[in-house]
Each structure stands twice: as C-alpha cells, then as structure tokens.
Amino acid sequence: MDDKKEVKIDTVSISDDEKTTPENTADITPDTPENETEKLNAQIAELTDKFLRLAAELENTRRRAALDVESAARNRAMSVAKKFLPVMDAIQAALTHSPEDDGIKSMAAAMNDAFTQIGITKIESVGQILNPQFHNAIQVIDAPADANPKPQPNTIASELQTGYMFGDTVLRTAMVTVYK
C-alpha cells in the first residue's frame, strides 16, 4: 500500500518555554503607524504631566521661600523694635518729669518720627473700652461720683505704660486702670 498521505500544517505552535503573555504579544504584533502614534502620544502626555507637576512644585517652593524670607525679616524687625520700647518709655518718663525741657522734647519727637517711619504706632487707651488684645488692666477703680456722664464699666481711666503695635501685630499691650 502505497498510500502516501500528505500532511498540511496550518499553524505553528510555540514551545512550552515561551508562553504567550500580554507583555510579549506587543512584540509579536506588528507596529503599525497607528500603534506607534498612540504610544508616542501616550508618552508625550505622560511627560507633559510630569513637567506640569514639577513646574507647579517649583512655583510653590518659590512662593514658600519668599513667604519665609518675609516672615523672618518681619520677626527681626519686631525684635529690634521691642528693644527700643524701653528707650521710648524712658523718654516719656523724662518728658513727664520735665515737660519744658527742649532736649527731651526733641528726643521724644525724633523717636516718634522713627517709630512712625518703621510702622510702630501707639495703642490708644484712655477713654476706650478695655480690649484684652490691646490692654492689660492692672487696676480697677471706682468711677468719680461727680463725673457727668458717668463712664461705662471697663472704660480705661488712665494708662500706666503705653502699648505699641507693629503694623497689625501687638508689640506690647498697654498697662491701664479701668473703671468698675
């Protein structure tokens, strides 16, 4: 019997050591221009996203650094300003003791001008209602019986030590006496 049989092979099998997985199917599929374009567009989108994130992070770092520098400068200025408050207290005490002394008057005026230039202002107290943020009441007194109109309770009667502000920050609260 001479029956020759022909065998046709339609498919080729891959050996067991190289199993088909999603990772190596990309290598098997031919790179069409569409696939290559999609890959490049995805890579461009990823790199653009990374770039935008890094640019935003850099801008935030710059902004934080500028705020830190500004805060440090403000703290230094406040520290220096606090050191001048006792000098101003001494000048005010001398002015109270000798109100006609031209030398003391000129020193007080020079200090007031310097304080104004650097942004230090006095906290107004006498006649105001006590505000614990700006005033430290160290004494409570009775309102004078003959006062007309009679002052409200917690109205500041006198100031024992002047309080000062640096911009919107309290450098030192004013020490005051208040009416009952």
Going from CZ on R63 to CG on D68, what distance comes out if it is rounded to the nearest 0.5 angstrom?
13.0 Å
Can you tell if the side chain of M88 reaches within under 4.5 Å of the side chain of Y164, non-hydrogen atoms only?
yes
Under a 3.5 Å distance rule, please check whether S79 uses its side chain to pair with a backbone N or O of N75 as donor and acceptor.
no
Return the minimal non-hydrogen interatomic distance between P99 and K105, and the atom names on each side.
O-CE, 2.9 Å
Between T155 (side chain) and P151 (backbone), is there a donor-acceptor pair under 3.5 Å?
no
Roughly how far, to the nearest 0.5 Å, is the CG atom of N112 from the OG1 atom of T121?
11.0 Å
Between CE of M165 and NZ of K122, what distance do you get to the nearest 0.5 Å?
14.5 Å
Between K50 and E46, does at least one N-O distance fall below 4.0 Å, as a salt bridge requires?
yes
Do the side chains of V140 and V126 join up, straight or via other hydrophobic residues, at under 4.5 Å, putting them in one cluster?
no
Identify whether F134 and L85 are in the same connected component of the hydrophobic contact network (ILVMFWY, side-chain heavy atoms under 4.5 Å).
no
Of all the heavy-atom pairs spanning L130 and H135, show the shortest one and how long it is.
CD1-CB, 3.4 Å
Hydrophobic cluster identity match, I44 and F51, side-chain contacts under 4.5 Å:
no
Checking H97 side chain against A93 main chain: does a donor-acceptor pair fall under 3.5 Å?
no
Do the non-hydrogen side-chain atoms of E59 and R62 ever get within less than 4.5 Å of each other?
yes
Any non-hydrogen side-chain atom of M111 less than 4.5 Å from a side-chain atom of F84?
yes
Reported CD-to-CD1 distance for the pair Q139 and I141, which is rounded to 0.5 angstrom:
6.5 Å
Are I120 and V87 connected into the same hydrophobic cluster when the rule is that any two of I, L, V, M, F, W, Y join if their side-chain heavy atoms are below 4.5 Å apart?
yes
In this structure, would L54 and L47 fall into the same cluster of hydrophobic residues linked by side-chain contacts under 4.5 Å?
no
Looking at side-chain heavy atoms only, is the closest gap between R64 and T61 below 4.5 Å?
yes
Within the side chain of S98, is there an N or O that forms a donor-acceptor pair under 3.5 Å with the backbone of L95?
no
Using atom types as modelled and distance alone, determine if a side-chain donor or acceptor of D49 lies under 3.5 Å from a backbone N or O of A45.
no
Within the distance-only criterion (no hydrogens, no angle test), does the side chain of S71 pair as donor or acceptor with the backbone N or O of L67 below 3.5 angstrom?
no
Side-chain atoms of residues 167-180: list all donor-acceptor pairs with protein atoms under 3.5 Å, sequence neighbours left out, distances to 0.1 Å.
from: D168; atom 1: OD1; to: R74; atom 2: NH2; distance (Å): 3.1
from: T169; atom 1: OG1; to: R74; atom 2: NH2; distance (Å): 2.7
from: R172; atom 1: NE; to: T162; atom 2: O; distance (Å): 3.2
from: R172; atom 1: NH1; to: D89; atom 2: OD2; distance (Å): 2.7
from: R172; atom 1: NH2; to: D89; atom 2: OD1; distance (Å): 2.9
from: R172; atom 1: NH2; to: D89; atom 2: OD2; distance (Å): 3.2
from: R172; atom 1: NH2; to: T162; atom 2: O; distance (Å): 2.7
from: T177; atom 1: OG1; to: S158; atom 2: N; distance (Å): 3.3
from: T177; atom 1: OG1; to: S158; atom 2: OG; distance (Å): 2.6
from: K180; atom 1: NZ; to: D142; atom 2: OD1; distance (Å): 3.4

